[in-house]
Amino acid sequence: MPEGPSIIILKEAVSIFKNKKVLHANGNAKIDFKKINNKTINDFKSWGKHTLICFDGFFIRIHLLMFGTYRVNEKKDAKPKLHLAFKKGELNFYTCSVQLIEKNVDEVYDWSADIMNDKWDEKKAVKKLKEIPDTLICDALLDQDIFSGLGNIMKNEVLFRTRIHPKSEVGKLPLKKRRELLKEVVQYAFDFLKWKKAGVLKKHWLAYSKKICPRCNIPLQKEYLGKGKRSTFFCDNCQELYGS
DNA sequence: CCGGTTGTTCAGCG
DNA sequence: GCGCTGAACAACCG
């Protein structure tokens, strides 16, 4: 379900409840639901993979993690983590992390780190990358403080498209290549969004979950790389290794 | 039916 | 107290 683009789709789907009052809130989440009852939703925002339901003086943070789902004006069989009832309609979130944070979102989030936000700042990302020259690029891309919203699918696709080997070291990328990668991160995020909306995301995958390199027709490698040992698909022939 | 996973947090250890 | 590692959690797909 959830890389940044999927959360943009979520945000758009739930926006029908913007400026609507929550008549009743409940669920399995360990939060004080009374704080939400009879409060009006000012806005829905997102920061990377975080969905933010904004009220006066506080907000709800929802993270779908790996298996989270949601329903608008529908229920699933399972009891929701968070259920919001409105005068007309309802919103349900399942198998997700739910937190109530008594701050304004602007106090908490650096919007310039979100690859899909209007405030995304490539220069700040470059600065952060310069601080971690020894990190593998496959790990750096998944760092949510640098590339908020970027997930494992996007990691694989962006590296394949820019022909950068996942085991390359951040500090060894030539400037031109680093710039190309940063552009592709944003480009691919919006391609992902467009394709996901059209229901054609998977057929655009070039490397992720693939067995054969679409460029050279030789078998792709699959290894569990990086700190999180995340599945990584790459072509030893056409993705260049920078560094050792 | 089993294996795999679009993610994160936290306990435990050195 | 730090950083690192692996476990734990979860539901659905093929």
Side-chain angles (χ1 to χ4, degrees), chain A residues 1-13 27-31 46-52 60-71 74-83 92-101 108-110 113-116 131-136 138-161 166 169-170 184-211 220-234:
Chain A
M1 212 50 218
E3 296 194 26
S6 300
I7 304 305
I8 300 287
I9 292 170
L10 189 173
K11 183 169 64 175
E12 290 174 1
N28 286 333
K30 303 277 185 290
I31 61 167
S46 62
W47 183 82
K49 301 164 192 170
H50 296 206
T51 300
L52 311 171
I60 305 280
R61 168 194 295 170
I62 294 169
H63 200 306
L64 297 182
L65 293 114
M66 198 81 96
F67 307 121
T69 53
Y70 62 98
R71 292 290 185 274
E74 283 179 22
K75 287 181 169 67
K76 297 195 357 171
D77 286 340
K79 187 169 184 199
K81 263 285 177 49
L82 176 65
H83 164 81
N92 298 298
F93 291 94
Y94 305 86
T95 37
C96 54
S97 149
V98 178
Q99 292 172 270
L100 193 157
I101 298 169
V108 177
Y109 290 102
D110 174 7
D114 181 344
I115 59 171
M116 303 192 74
E131 290 166 7
I132 53 164
D134 301 334
T135 301
L136 298 186
C138 60
D139 274 335
L141 284 170
L142 292 174
D143 186 331
Q144 299 298 294
D145 291 329
I146 307 177
F147 299 105
S148 171
L150 202 154
N152 202 41
I153 295 174
M154 292 172 64
K155 175 197 83 178
N156 279 291
E157 290 300 297
V158 161
L159 289 175
F160 183 82
R161 282 161 190 268
E169 292 166 34
V170 167
E184 185 62 26
V185 161
V186 175
Q187 177 63 47
Y188 187 72
F190 285 95
D191 284 345
F192 184 125
L193 174 62
K194 176 180 69 187
W195 291 329
K196 178 103 183 170
K197 279 182 175 174
V200 294
L201 178 64
K202 290 188 185 185
K203 79 174 184 191
H204 288 278
W205 286 343
L206 301 180
Y208 181 75
S209 82
K210 297 296 182 181
K211 299 265 194 289
L220 283 177
Q221 308 299 309
K222 181 187 180 188
E223 290 182 27
Y224 295 93
L225 297 184
K227 286 190 209 150
K229 297 189 173 19
R230 304 299 302 279
S231 60
T232 307
F233 300 82
F234 58 95

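Each chain gets a letter, A, B and so on, in the order the sequences are listed, and its residues count up from 1.
No contact: A/K81 has no heavy atom under 4.0 Å from any strand. Among the protein residues, A/S97 comes within range of no part of the nucleic acid, since none of its heavy atoms lies under 4.0 Å from any strand.
Listed nucleotides B/dT6, C/dA11, B/dT5 differ in distance to A/K222; the shortest reach to its side chain belongs to B/dT5. Counting only heavy atoms from C-beta on, A/H63 has its side chain closest to B/dT8 among B/dT8, B/dG4, B/dT6. For A/Q144, whose side chain is taken as the heavy atoms from C-beta onward, the closest listed nucleotide among B/dT8, C/dA11, B/dT5 is B/dT8.
Distance, A/I62 CD1 to B/dG7 P: 18 Å, rounded to whole Å. Whole-Å rounding puts the A/Y94 OH to C/dA11 P distance at 12 Å. Between the CE atom of A/M66 and the P atom of B/dT6 there is a distance of 5 Å, rounded to whole Å. Straight-line distance from the CZ atom of A/R61 to the P atom of B/dG7: 17 Å, rounded to whole Å. For the pair A/H50 NE2 and B/dT6 P, the computed distance is 18 Å after rounding to whole Å. What separates CZ of A/F233 from P of B/dG4 is a distance of 11 Å, to the nearest Å. For the pair A/L141 CG and B/dT6 P, the computed distance is 14 Å after rounding to whole Å. Between A/W205 atom CH2 and C/dG14 atom C1' there is a gap of 13 Å when expressed in whole angstrom units.
On the C1' atoms, B/dT6 is 23 Å away from C/dT5, given to the nearest whole Å.
A/H204 and A/W195 have parallel rings, their planes meeting at less than 30° on a 0 to 90° scale where 60° marks the start of perpendicular. Using the six-membered ring where Trp is involved, A/Y208 and A/F233 have ring planes that are perpendicular, over 60° apart on the 30 and 60° scheme.
OP1 and OP2 of B/dT5 both lie 4.0 Å or more from every side-chain N or O belonging to A/R230. In terms of phosphate contacts, A/Y208 brings a side-chain nitrogen or oxygen within less than 4.0 Å of OP1 or OP2 of B/dT6. Using a 4.0 Å cut-off, no side-chain N or O of A/K155 falls inside it from OP1 or OP2 of B/dG7.
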Residues A/E3, A/K196; criterion salt bridge (charged side-chain N to carboxylate O under 4.0 Å, His left out); working and verdict:
CA-CA 11 Å; A/E3 296 194 26; A/K196 178 103 183 170; over 6 Å; no
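Nearest-nucleotide mapping onto DNA chain C: of A/T95 and A/K229, the residue sitting toward the 5' end is A/K229. Both A/A78 and A/K227 lie near DNA chain C, and the one whose nearest nucleotide falls closer to the 5' end is A/K227.
Here the shortest heavy-atom pairing between A/D145 and A/A113 reads O-CB, 3.6 Å.
The pairing partner recorded for B/dC2 is C/dG14, the criterion being a Watson-Crick or G-U wobble arrangement whose two distances lie under 3.5 angstrom.
When side chains are defined from C-beta on, A/R61 counts as touching A/V108, because their heavy atoms get closer than 4.5 Å.
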